[in-house]
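To keep things clear, I will list the structure first and then write my remarks on it.
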Amino acid sequence: MSTVKEAVEVEVPLGTAYNQWTQFEEFPNFMEGVEEVRQLDDRHNHWTTKIGGVRREFDTEIVDQLPDERITWRTTSGDTRQKGTVRFQRMDDTHTRVELVMDVEASGAAEKAADVLGTIDRRVKGDMRRFKDYIEHRGSETGSWRGRITPG
């Protein structure tokens, strides 16, 4: 299992950055290889990805979510195994630090090669830069979900 960690400072208020991240169905707009995310309910999402010509579908469960602070998830089905946390930190009234830490277990030959070559790490870094561009150019979030989910 590889751990990927990346942080960006976005030029939007804390609430705006957090609110946009809760709009999971918007992820294909800034995450390379993510074709679709369908939110099934408050805790569960279904993902379709295509990376290096390999299509994967999997489900994730949000296990901990505290508005304006963090979202933690894990996969529950499919060939992809991952878990992670995204944290939000107010820098000042108009700047927020967004930090993603993700553990990814490469499942197939293509994924294992991508892991060894650092492709997964580069992709996550690129996704975070694209999130920064996406939210800063929009200037506002496309929606929000302010609910709290506690482990258990």
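Throughout, numbering of the chain's residues begins at 1 and tracks the sequence. As the structure is a computational prediction, the values presented were derived from the model and not from experiment.
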Single-linkage hydrophobic cluster, 4.5 Å side-chain cutoff, Val101 and Met31 together: no

In short, Gln20 meets Ser140 closest at the heavy-atom pair OE1-O, 4.2 Å

Could you go through the side-chain contact (heavy atoms from CB on, under 4.5 Å) check for Val104 and Val124 one step at a time? CA-CA 11 Å; Val104 180; Val124 169; over 6 Å; no

Got a list of side-chain donor-acceptor pairs under 3.5 Å for residues 8-17, not counting sequence neighbours?
none

Are any non-hydrogen side-chain atoms of Glu99 and Gln89 less than 4.5 angstrom apart? no

May I ask you to decide whether Asp121 forms a salt bridge with Lys125, counting only side-chain N to carboxylate O separations under 4.0 Å? yes

Evaluate the ring planes of Trp47 and Phe58, with Trp represented by its six-membered ring, and classify them as parallel (under 30°), tilted (30 to 60°) or perpendicular (over 60°). parallel

Is it the case that one hydrophobic cluster holds both Val86 and Val63, taking links as side-chain heavy atoms less than 4.5 Å apart, direct or via other members? no

Output the distance between atom CG (Asp64) and atom CZ (Arg74), rounded to the nearest 0.5 Å. 12.5 Å

Quick check for you: to the nearest 0.5 Å, what is the distance between His46 atom NE2 and Arg38 atom CZ? 5.0 Å

To the nearest 0.5 Å, what is the distance between OG1 on Thr94 and CD on Glu136? 10.0 Å

So CD of Glu57 and CG of Asp79: to nearest 0.5 Å the spacing works out to 10.0 Å

Distance (rounded to the nearest 0.5 Å) between Asn29 CG and Ile135 CD1: 11.0 Å

Arg130 bridged to Asp127 by N-O distance under 4.0 Å: yes

Any side-chain donor near an acceptor of the partner, Trp73 and Gln82, under 3.5 Å: yes

Given side chains that start at C-beta, do those of Gln65 and Tyr18 come closer than 4.5 Å, heavy atoms only? yes

Show me the donor-acceptor pairs, under 3.5 Å and distance only, between side chains in residues 145-152 and residues at least two apart or in other chains.
| unit_1 | atom_1 | unit_2 | atom_2 | d |
| --- | --- | --- | --- | --- |
| Arg146 | NH1 | Asn19 | OD1 | 2.8 |
| Arg146 | NH1 | Asp68 | OD1 | 2.9 |
| Arg146 | NH2 | Asp68 | OD1 | 3.3 |
| Arg146 | NH2 | Asp68 | OD2 | 2.7 |

In terms of side-chain geometry, is the basic nitrogen of Lys50 or Glu35 positioned less than 4.0 Å from the acidic oxygen of its partner? no

Atom CD of Glu26 and atom CD of Gln39: how far apart are they, to the nearest 0.5 Å? 11.5 Å

What about the rings of Phe27 and Phe24, do their centers lie closer together than 6.0 Å? yes

Side-chain donor or acceptor of Arg70 paired with backbone N/O of Pro67 under 3.5 Å: no

For Glu141 and Gln23, run side-chain contact (heavy atoms from CB on, under 4.5 Å): C-alpha distance rounded to whole Å, both residues' side-chain angles, the deciding distance at 0.1 Å, then the answer. CA-CA 9 Å; Glu141 64 268 33; Gln23 301 306 293; 5.8 Å; no

Specify whether Tyr134 and Phe30 have parallel, tilted or perpendicular ring planes, treating 30° as the upper limit for parallel and 60° as the lower limit for perpendicular. tilted

side-chain contact (heavy atoms from CB on, under 4.5 Å) between Asp42 and Ile62, intermediate numbers included: CA-CA 8 Å; Asp42 290 347; Ile62 296 170; over 6 Å; no

Does some side-chain heavy atom of Asp59 sit less than 4.5 Å from a side-chain heavy atom of His44? no

Just wondering, are more than 12 heavy atoms of other shown residues or ligands nearer than 6.0 Å to CZ in Arg87? no

Taking every non-hydrogen atom, the tightest pair across Ala7 and Arg97: CB-NH2, 3.4 Å

